[in-house]
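First up is the structure itself, then whatever we jot down about it.
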Amino acid sequence: MRIGTRASKLALTQAGWAAELTVGKDRFELVHVTTKGDTDRRHLSQIGGTGVFVNAVREALLGKEVDAVVHSLKDLPTTPEHGIALACIPQREDVTDALCSRDGMTLADLPAGASVGTGSPRRAAQLRAMRPDLQVVPIRGNVDTRLAKVTDGELDGVVLATAGLNRLGLEEHISERFDPKHFLPAPAQGALAIEIRSEDVEGTWYGEALTSADHADTRAAVMAERSLLRTLEAGCSAPVGAYATVEDGVLTLRGGAFATDGSQTWVDHVEGPASDAVELGAVLAQQLLDAGAGTVLKE
């Protein structure tokens, strides 16, 4: 099976892990695809946010240059793509955001005016809400580049997804993992998506292997989170967070929207059958909109 993926260290690691888990070692090859998000160094909000890491690999899939593609699910647009099926969502990694700071300081330990880097408006908004005194600095680059800004003394800390640090074996850089109930992660954070052509879901060996490896509880959780994002009509770089868990068939979804300056937050939750994941996400989104969250999503 030919798997299309971005050529970053994290993307290659994720694609290789997902392929070994689902189709087995020695049954795949990785094909490098360059995306707009890799070549355009402007801030993600300036180059389109949603889809900048996705479109090129999807084009390779539809053009039959590859048989499957692997994404970080949080990067996927929430609207379906014609001709493409989300065949497999493997079991989710750690959903949390992590602070990587100098001297192992926690967020509470950082001195007044400390500089913390992030490329995410959602993380920036929550950092400012918790610590209005911080200097939150927009950054781009791969995980190693961002961590180097701390070790080189350019920043006091950076916030990254714990899942990526775990997958790259960089856990030792983590100073603090934020409780996802209080520092909401991005919708679908920590989850991977394996897409194939819709026509290949049935009748191909890899289509059958991928669908059988799908993790039901993870799919329900991330579908609820993405439904919230879609109903809010917000892109994957919007200041929106969501965290769903499934236990004994019951899904609990907590979601929020944040003013980027940290001045306002809207957070609420819903609970119901995991089989109603999409509906629960839409219900929670409407609760947030009714409370006034739409004002920050139009900024």
Short side-chain to backbone donor-acceptor contact, D94 and T96, under 3.5 Å
yes
What closest approach, in Å, do A259 and V296 show between heavy atoms, and which atom pair accounts for it?
CA-CG1, 3.5 Å
Quick check: does any side chain N or O of D261 sit under 3.5 Å from a backbone N or O of S263, one acting as donor and the other as acceptor?
yes
If Ile, Leu, Val, Met, Phe, Trp and Tyr residues are connected whenever their side-chain heavy atoms lie under 4.5 Å apart, and connections chain through other members, are L147 and I174 in the same group?
yes
Flag the pair L284 / D268 as yes when at least one side-chain heavy-atom distance between them is below 4.5 Å, and no otherwise.
yes
Stepwise side-chain contact (heavy atoms from CB on, under 4.5 Å) test for L86 and R219
CA-CA 10 Å; L86 179 47; R219 182 177 283 267; 4.1 Å; yes
Any donor-acceptor pair under 3.5 Å from R2 side chain to F28 backbone
no
Evaluate S175 against T106 for side-chain contact (heavy atoms from CB on, under 4.5 Å), listing each step before the verdict.
CA-CA 6 Å; S175 307; T106 66; 5.7 Å; no
If you group Ile, Leu, Val, Met, Phe, Trp and Tyr by side-chain heavy-atom gaps below 4.5 Å, do L62 and V66 land in one group?
yes
Within 6.0 Å of CD in E247, more than 12 heavy atoms from elsewhere:
no
CE/M1 to CG/D67 distance, rounded to the nearest 0.5 angstrom?
7.5 Å
Between P90 and L21, which heavy-atom pair has the shortest distance, and what is it?
CB-CD2, 3.7 Å
Path from L155 to L170 over hydrophobic side-chain contacts below 4.5 Å
yes
Do V69 and I194 make a side-chain contact, defined as non-hydrogen atoms from C-beta onward lying under 4.5 Å apart?
no
Regarding E171 and R177, does a basic nitrogen lie under 4.0 Å from an acidic carboxylate oxygen?
no
Quick one: are L251 and L280 in side-chain contact, heavy atoms under 4.5 Å?
yes
Is there a donor-acceptor pair under 3.5 Å between the side chain of Q189 and the backbone N or O of V95?
yes
In terms of side-chain heavy atoms, does S115 have a donor or acceptor partner in D156 at a distance below 3.5 Å?
yes
Under 3.5 Å side-chain donor-acceptor pair for T211 and D214
no
Hey, quick one: are L30 and L168 part of the same hydrophobic cluster, counting side-chain heavy atoms closer than 4.5 Å, chains of contacts allowed?
no
I would like to know whether R146 and V143 meet side-chain contact (heavy atoms from CB on, under 4.5 Å); could you show each step before the answer?
CA-CA 5 Å; R146 297 184 189 209; V143 173; 5.9 Å; no
Salt bridge or not between R122 and D97? Use side-chain N to carboxylate O under 4.0 Å.
yes
Say whether E59 and N55, considering side chains only, have a donor N or O and an acceptor N or O under 3.5 Å apart.
no
Correct closest heavy-atom pair for V136 and A124 would be CG1-CB, 3.7 Å
Distance, nearest 0.5 Å, that separates CG of N142 from CZ of R140
10.5 Å
So, the side chain of S72 versus the backbone of K74: is there a donor-acceptor pair under 3.5 Å, distance only?
no
For the side chain of S198 and the backbone of I84, is there at least one donor-acceptor N/O pair under 3.5 Å apart?
yes
Check: V278 main-chain N/O paired with S227 side-chain donor or acceptor under 3.5 Å:
yes
Distance in Å, I3 CD1 paired with L61 CG, rounded so as to fall on 0.5 Å steps:
11.0 Å
Please check if any side-chain donor atom of E271 sits under 3.5 Å from a side-chain acceptor atom of T252, or the reverse.
yes
Salt bridge check: are K181 and D179 linked by an N-O gap of less than 4.0 Å?
no
Specify the closest pair of heavy atoms between L76 and R226, including all atoms of both residues, with the distance to one decimal.
O-NH1, 2.9 Å
Nearest 0.5 Å please: distance from the NE2 atom of H173 over to the CG atom of L99.
13.0 Å
Are there over 12 heavy-atom neighbours, none belonging to H215, within less than 6.0 Å of that residue's NE2?
yes
Please answer: with hydrophobic residues joined when any side-chain heavy atoms are less than 4.5 Å apart, are L10 and L12 in the same cluster?
no
Please answer whether the main-chain N or O of E279 pairs with a side-chain N or O of D276 as donor and acceptor at a distance below 3.5 Å.
no
Hey, could you give me the CZ/OG1 distance between R167 and T162, rounded to the nearest 0.5 Å?
11.0 Å
Worked verdict on R131 versus L107 for side-chain contact (heavy atoms from CB on, under 4.5 Å)
CA-CA 8 Å; R131 286 284 307 270; L107 186 65; 4.0 Å; yes
A191 to T218 - nearest heavy-atom pair and separation
CB-CG2, 4.4 Å
SB check R92 D217 (cutoff 4.0 Å)
no
Within the side chain of W266, is there an N or O that forms a donor-acceptor pair under 3.5 Å with the backbone of F258?
no
At their closest point, which heavy atom of E225 faces which heavy atom of A244, and how far apart are they?
OE2-N, 2.7 Å
Rounded to the nearest 0.5 angstrom, the CG-CE distance for L253 and M223 is 12.5 Å
